[in-house]
K.L.:
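Pasting in a structure now, in structure tokens, and then I'll have a few things to ask.
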Amino acid sequence: MIIQYTPRGVCSRAFEIAVGKGVIQSVQVMGGCDGNLKGLSSLLKGMKVEEAIQRMEGIRCGGKPTSCPDQLAQALKKAL
């Protein structure tokens with residue numbers, strides 16, 4: 001399954017997440033903080049969707065009510 005997601009309230013413009021059998025296969029982020037998001041994408045590869053959601057949901061960026069990790073969690077909820 002390929003999840004295409006447009007995040008809201010963050011610098012990133014789009015996410016493309018490949019999920020197979022409940023496991024994240026790859027994450028591509030367009031826009032945002034390049035190095036941080038490449039690192040996050042690398043850490044998520046091979047992780048179960050449920051675990052990734054649990055770890056990232058609710059993370060805030062500065063004074064914003066959301067963050068790129070939180071938005072990735074929202075996108076991953078589509079895989080459940």
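Residues take their numbers from the sequence shown, with the count starting at 1. Side chains are part of it too, since the values below use all heavy atoms of this structure and drop only hydrogens, waters and symmetry mates.
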K.L.:
Testing Val49, Ile3, Ile53 one by one against Lys77 for a side-chain contact (heavy atoms from CB on, under 4.5 Å), which residue passes?
P.N.:
Ile53
K.L.:
Using 0.5 Å steps for rounding, measure from the CG atom of Asp70 to the CZ atom of Arg60.
P.N.:
10.0 Å
K.L.:
Is Met1 reachable from Val27 through a run of hydrophobic residues whose side-chain heavy atoms are each under 4.5 Å from the next?
P.N.:
yes
K.L.:
Hydrophobic clusters here meaning ILVMFWY residues chained together by side-chain heavy-atom distances under 4.5 Å, can you tell me if Leu72 and Met30 are in one?
P.N.:
no
K.L.:
Please assess Leu40 against Met56 for the test side chain to side chain contact (heavy atoms under 4.5 Å, CB included), listing each intermediate value before the final yes or no.
P.N.:
CA-CA 10 Å; Leu40 183 59; Met56 296 187 300; 4.2 Å; yes
K.L.:
State the CD-NZ distance between Gln4 and Lys78, to the nearest 0.5 angstrom.
P.N.:
9.5 Å
K.L.:
Please report the interatomic distance CG(Asn36) to OG(Ser12), rounded to the nearest 0.5 Å.
P.N.:
10.0 Å
K.L.:
Write down the atom of Glu50, the atom of Leu80, and the distance for their closest heavy-atom approach.
P.N.:
OE2-CD2, 3.6 Å
K.L.:
Minimum heavy-atom separation for Ala75 to Phe15, with atom names?
P.N.:
CB-CD1, 4.4 Å
K.L.:
Might you work through the side chain to side chain contact (heavy atoms under 4.5 Å, CB included) test for Lys45 and Ile24, ending with a clear yes or no?
P.N.:
CA-CA 5 Å; Lys45 188 175 179 180; Ile24 300 167; 5.5 Å; no
K.L.:
In Å and rounded to the nearest 0.5 Å, what is the CD to CE distance from Gln25 to Met47?
P.N.:
13.0 Å
K.L.:
Please confirm whether the backbone N or O of Leu37 pairs with a side-chain atom of Ser41, one donor and one acceptor, at under 3.5 Å?
P.N.:
yes
K.L.:
How long is the gap from OH on Tyr5 to CD on Gln71, to the nearest 0.5 Å?
P.N.:
4.0 Å
K.L.:
Roughly how far apart are Ile17 CD1 and Leu44 CG, rounded to 0.5 Å?
P.N.:
8.0 Å
K.L.:
Quick check: closest heavy atoms across Val10 and Pro7, and the distance to 0.1 Å?
P.N.:
CG2-CB, 3.6 Å
K.L.:
Verify side chain to side chain contact (heavy atoms under 4.5 Å, CB included) between Ile2 and Glu16, making sure each step is shown before the conclusion.
P.N.:
CA-CA 7 Å; Ile2 300 292; Glu16 184 174 291; 3.7 Å; yes
